[in-house]
Amino acid sequence: MAAVLRLAKLAVFSTACTHLGSALSLDIQDSKDADAKNRPVTKVITLLKDMQKQLQKEADEDEEIYDKMACWCQTNDREKTQAIKDAEVRIDGLTTKIEELTAGSARLNTEIKNLEKEVAENQDSLDKATAIREKQLAEFNAEEKDLLQSISALKAAITVLSKHHGGSTGFLQMPKTHMLGVAAMLQNELSKHASLLQGVLTPNERRAAAAFLQAPGDYFDAAPTFKQSYAPQSGEIFGILRQMLETFESNLSASQKEELANQQAYGELKAAKEDEIKAGQAQIDSKTGELADTDEKNAQAKVDVDDTKASLSADEQFLSMLKEKCSMADKEWEERQKTRQLEMEAVSQALAVLSGDDAHDLFTRTFNPSFLQSSSSSDASKDFRASASQVLAAVAAKYSNPKLGALAYQVKLDAFTRVKKAIDDMVAQLLKEKDDEIKHKDFCTDEFHQNQLQTEKKDREEQDLTATIEDLSMKIEGLAKAIEELKGEIAEMQVQLKRAGEDRELQNKEFQSTVADQRETQKLLTSALQFLKDFYHKKTAFIQKQEPVGPPPPAGFETYKNNAGSGGVIQLIQQIISDAKAMEAEAIRSEEDAQKAYEDFVKDTNASIEAKSKDIVEKSEVKARAEGELVETKEAKEAVILELEQLSNYNAQLHQSCDFVLKNFDLRQTARDEEVEALRQAKAILSGAKFEEFLQKA
């Protein structure tokens with residue numbers, strides 16, 4: 001723009017000089033009192049031809065400048081118009097994308113919350129099922145233990161009764177301790193398992209059992225006595241015990257089958273719930289990652305929309321400025337073309353007038369020395385013109401100004417009113433150029449200062465943004481690493497939880513087997529012990545018989561003695577039974593401890609998994625926000641870099657426009673002042689001032 005302004009100024013200056021030359025030529029043609037020879041006219045013609053060439057050269061230069069300006073206008077108009085269309089299309093697309101990403105983000109948040117709720121419900125269901133299963137197992141163990149004890153007691157009682165019910169020993173009286181033990185056992189079992197025996201025993205059987213419990217001795221006396229309330233019914237009691245034994249064994253078998261079914265159902269439920277929890281957690285992780293990507297893309301799209309809108313606004317402003325500037329350039333070009341054409345026509349016409357044969361003959365006759373008349377007034381005029389021409393020529397030679405040289409020569413020819421007016425116009429033009437150049441210098445100084453301040457500010461912003469990008473990158477990397485570690489820990493805890501469940505099932509199966517083996521061992525040993533005790537501890541009733549009259553019988557058997565090792569065998573069996581019971585109790589305590597440890601482990605592990613899952617969600621949210629900030633910061637840095645490039649380009653334009661002015665400002669101002677002073681002196685001399693006064697001032 002500065003170059004165009006400078007060219008315009010030079011064109012105005014050239015036009016003024018041309019008008020001055022044309023005015024001088026017309027004055028020379030119209031002047032009747034000119035004191036010149038044929039040679040000065042020839043020089044005027046030569047000067048006009050040079051001016052004609054100069055005008056053509058300036059026209060060519062203006063055309064070249066206009067062509068460049070027109071090319072610049074067309075290229076930038078086309079590019080910016082297309083850029084504006086592309087930006088509008090891009091903004092529409094990004095707006096649609098933002099709406100889709102926002103809806104997708106909301107959908108993912110809802111799905112993640114639903115999945116977390118579903119996982120929590122599945123975990124809660126699994127915990128409740130585990131608690132129910134533990135309660136069932138405890139109830140089964142207690143019931144099984146109770147039934148096994150009852151069955152063992154009933155078998156022992158049946159074994160005792162079987163020895164007194166029928167057979168060769170049926171008439172032997174049962175030991176009182178055995179009778180009382182059977183009665184106590186029966187009463188205990190009827191009381192303890194009343195609900196189980198409901199509907200199993202008939203009313204007659206219950207009355208018989210009640211009668212037995214009231215008077216257990218009546219059922220096993222050898223003959224009725226006055227203490228008996230009714231006839232012995234030992235066979236009925238024996239049947240009741242067997243029926244109770246069958247009921248207990250049937251109930252135990254059903255309980256064991258039910259326990260196996262419950263255990264299998266719990267295992268299937270647990271496996272299904274763990275699979276559902278694992279699948280739900282995998283979906284949560286997947287959707288959390290997808291949510292982070294969606295939020296990042298959404299943030300990036302919003303930044304792109306803002307950047308595109310800013311770019312669109314800048315392009316629209318530039319296009320508006322471009323159209324205005326190019327329109328002004330077109331108008332200026334038309335005016336300059338029209339003015340120069342008129343100027344060239346005037347010069348051509350003046351040259352045609354002065355170069356014609358008639359004019360040549362006229363000038364030859366007019367400037368012939370034989371026809372010249374000398375006068376004091378013409379001599380004085382010649383002196384004034386010579387002095388003014390000398391002043392202008394000196395300044396023209398000092399600053400190599402061809403237009404001032406031409407003006408000095410023309411002043412030497414005559415001192416007409418048009419010359420003075422031309423001098424005034426040139427002085428006004430020079431003063432205007434001086435003011436414009438001062439304004440341009442001030443503009444350049446301010447712009448350089450503002451450009452430097454803005455560049456330093458943007459440099460600091462770039463450094464701050466670079467540091468922020470590094471911090472955010474390190475933060476995101478740390479969060480990603482922490483999230484991966486947490487996921488790995490959760491996966492490992494889930495594996496350990498599954499292994500612990502499998503180990504607990506194996507331990508429980510081993511416990512069931514161990515307890516069953518110990519109880520079966522106790523059962524067998526108790527049965528064997530009872531047989532031995534029944535034989536070795538019973539008191540044999542000896543019946544005093546009347547010896548027959550006659551000779552005595554021969555010697556009979558020796559007195560039957562118990563086997564000497566029977567006592568040790570019985571004690572050893574009792575010790576083994578005690579050891580088996582102790583092992584059973586220890587196994588039960590170990591099972592209870594293992595179950596409690598497993599429950600604590602499951603509870604602690606689930607709590608840790610829940611805490612780590614929440615930590616993953618929180619860290620994922622922080623990571624997503626940090627990634628969004630990173631994208632925004634990178635975009636801001638790119639914008640700052642772009643602004644720095646624009647500032648650098650503008651600085652280069654300022655240097656191109658201002659360096660010459662700033663470097664040569666003082667010299668150009670001084671030269672212009674001297675040119676103005678020379679013009680004023682020339683005008684003063686033409687107006688009657690003495691040349692010597694100006695020489696003395698100089």
Hey, is [atom1] on [X] packed in by over 12 heavy atoms from elsewhere, all under 6.0 Å?
{"X": "Met493", "atom1": "CE", "value": "yes"}
{"X": "Gln496", "atom1": "CD", "value": "yes"}
{"X": "Glu139", "atom1": "CD", "value": "yes"}
{"X": "Lys634", "atom1": "NZ", "value": "no"}
{"X": "Lys273", "atom1": "NZ", "value": "yes"}
{"X": "Glu316", "atom1": "CD", "value": "yes"}
{"X": "Glu456", "atom1": "CD", "value": "yes"}

Smallest separation among heavy atoms of [X] and [Y], with atom names:
{"X": "Gln512", "Y": "Phe140", "answer": "OE1-CE2, 3.6 Å"}
{"X": "Asn451", "Y": "Leu647", "answer": "ND2-O, 3.0 Å"}
{"X": "Leu269", "Y": "Ala129", "answer": "CD2-CB, 3.4 Å"}
{"X": "Val622", "Y": "Leu479", "answer": "CG1-CD1, 3.6 Å"}
{"X": "Val305", "Y": "Thr95", "answer": "CG2-N, 4.4 Å"}
{"X": "Phe665", "Y": "Glu437", "answer": "CE1-O, 4.0 Å"}

Could [X] and [Y] be called an ion pair, given the rule that one side-chain N must be under 4.0 Å from one carboxylate O?
{"X": "Asp304", "Y": "Arg90", "answer": "yes"}
{"X": "Glu144", "Y": "Arg519", "answer": "yes"}
{"X": "Lys612", "Y": "Glu489", "answer": "yes"}
{"X": "Glu64", "Y": "Lys68", "answer": "yes"}
{"X": "Glu610", "Y": "Lys614", "answer": "yes"}
{"X": "Asp293", "Y": "Lys297", "answer": "no"}
{"X": "Lys596", "Y": "Glu592", "answer": "no"}
{"X": "Arg460", "Y": "Asp464", "answer": "no"}
{"X": "Glu461", "Y": "Lys458", "answer": "yes"}
{"X": "Glu100", "Y": "Lys97", "answer": "no"}

Have [X] and [Y] got a donor and an acceptor in their side chains that come within less than 3.5 Å?
{"X": "Asp77", "Y": "Thr81", "result": "yes"}
{"X": "Tyr650", "Y": "Glu447", "result": "yes"}
{"X": "Thr130", "Y": "Lys270", "result": "no"}
{"X": "Asp86", "Y": "Gln82", "result": "yes"}
{"X": "Asp503", "Y": "Gln507", "result": "no"}
{"X": "Thr455", "Y": "Asn651", "result": "no"}
{"X": "Glu591", "Y": "Asn141", "result": "no"}

What I'd like to find out is whether the side chain of [X] reaches to under 4.5 Å of the side chain of [Y], using heavy atoms alone.
{"X": "Leu524", "Y": "Glu520", "value": "yes"}
{"X": "Leu137", "Y": "Asn262", "value": "no"}
{"X": "Gln522", "Y": "Glu584", "value": "yes"}
{"X": "Ile483", "Y": "Ser620", "value": "yes"}
{"X": "Gln263", "Y": "Asn508", "value": "yes"}
{"X": "Gln136", "Y": "Tyr266", "value": "no"}

Worksheet entry | salt bridge (charged side-chain N to carboxylate O under 4.0 Å, His left out) assessment of Lys85 paired with Glu88 | CA-CA 5 Å; Lys85 292 181 181 178; Glu88 291 174 347; over 6 Å; no
Between [X] and [Y] (side chain of the first, backbone of the second, donor and acceptor by atom type, cut-off under 3.5 Å), is there such a pair?
{"X": "Asn649", "Y": "Glu645", "answer": "yes"}
{"X": "Ser125", "Y": "Glu121", "answer": "yes"}
{"X": "Ser648", "Y": "Leu644", "answer": "no"}
{"X": "Thr445", "Y": "Lys441", "answer": "yes"}

Worksheet item: Can you list every ring pair (Phe, Tyr, Trp, His ring centres under 6.0 Å) pair that touches residues 480-510, not counting sequence neighbours?
Response: none
Worksheet item: Step by step, would you call His440 with Cys444 a side chain to side chain contact (heavy atoms under 4.5 Å, CB included)?
Response: CA-CA 6 Å; His440 187 59; Cys444 290; 3.6 Å; yes
Discussion item. Assess the residue pair Lys619 and Asp615 against the criterion (salt bridge (charged side-chain N to carboxylate O under 4.0 Å, His left out)); give the C-alpha distance rounded to whole Å, side-chain angles, the decisive distance to 0.1 Å, and a yes or no.
Written reply: CA-CA 6 Å; Lys619 281 183 168 55; Asp615 196 12; 2.8 Å; yes
Output the distance between atom [atom1] ([X]) and atom [atom2] ([Y]), rounded to the nearest 0.5 Å.
{"X": "Lys637", "Y": "Thr633", "atom1": "NZ", "atom2": "OG1", "answer": "10.5 Å"}
{"X": "Asp306", "Y": "Ile91", "atom1": "CG", "atom2": "CD1", "answer": "9.5 Å"}
{"X": "Leu260", "Y": "Ser255", "atom1": "CG", "atom2": "OG", "answer": "11.0 Å"}
{"X": "Lys487", "Y": "Gln281", "atom1": "NZ", "atom2": "CD", "answer": "9.0 Å"}
{"X": "Ile284", "Y": "Glu118", "atom1": "CD1", "atom2": "CD", "answer": "8.5 Å"}

Practice prompt. Might you work through the salt bridge (charged side-chain N to carboxylate O under 4.0 Å, His left out) test for Lys623 and Glu296, ending with a clear yes or no?
Written response: CA-CA 10 Å; Lys623 179 173 175 287; Glu296 180 180 357; over 6 Å; no
Practice prompt. Would you please classify the geometry between the Trp333 ring and the Tyr66 ring as parallel, tilted or perpendicular, with 30° and 60° separating the classes?
Written response: parallel
Practice prompt. Applying side chain to side chain contact (heavy atoms under 4.5 Å, CB included), run through Leu245 and Ile151 and close with a yes or a no.
Written response: CA-CA 6 Å; Leu245 176 62; Ile151 291 171; 3.6 Å; yes
Worksheet entry | Verdict with reasoning, Asp124 to Lys128, per salt bridge (charged side-chain N to carboxylate O under 4.0 Å, His left out) | CA-CA 6 Å; Asp124 184 61; Lys128 290 181 179 178; 3.3 Å; yes
Fill in: Verdict with reasoning, Asn122 to Leu126, per side chain to side chain contact (heavy atoms under 4.5 Å, CB included)
CA-CA 6 Å; Asn122 287 330; Leu126 179 59; over 6 Å; no
Practice prompt. Tell me, please, which residues at least two apart from Lys287 pass salt bridge (charged side-chain N to carboxylate O under 4.0 Å, His left out).
Written response: Glu111
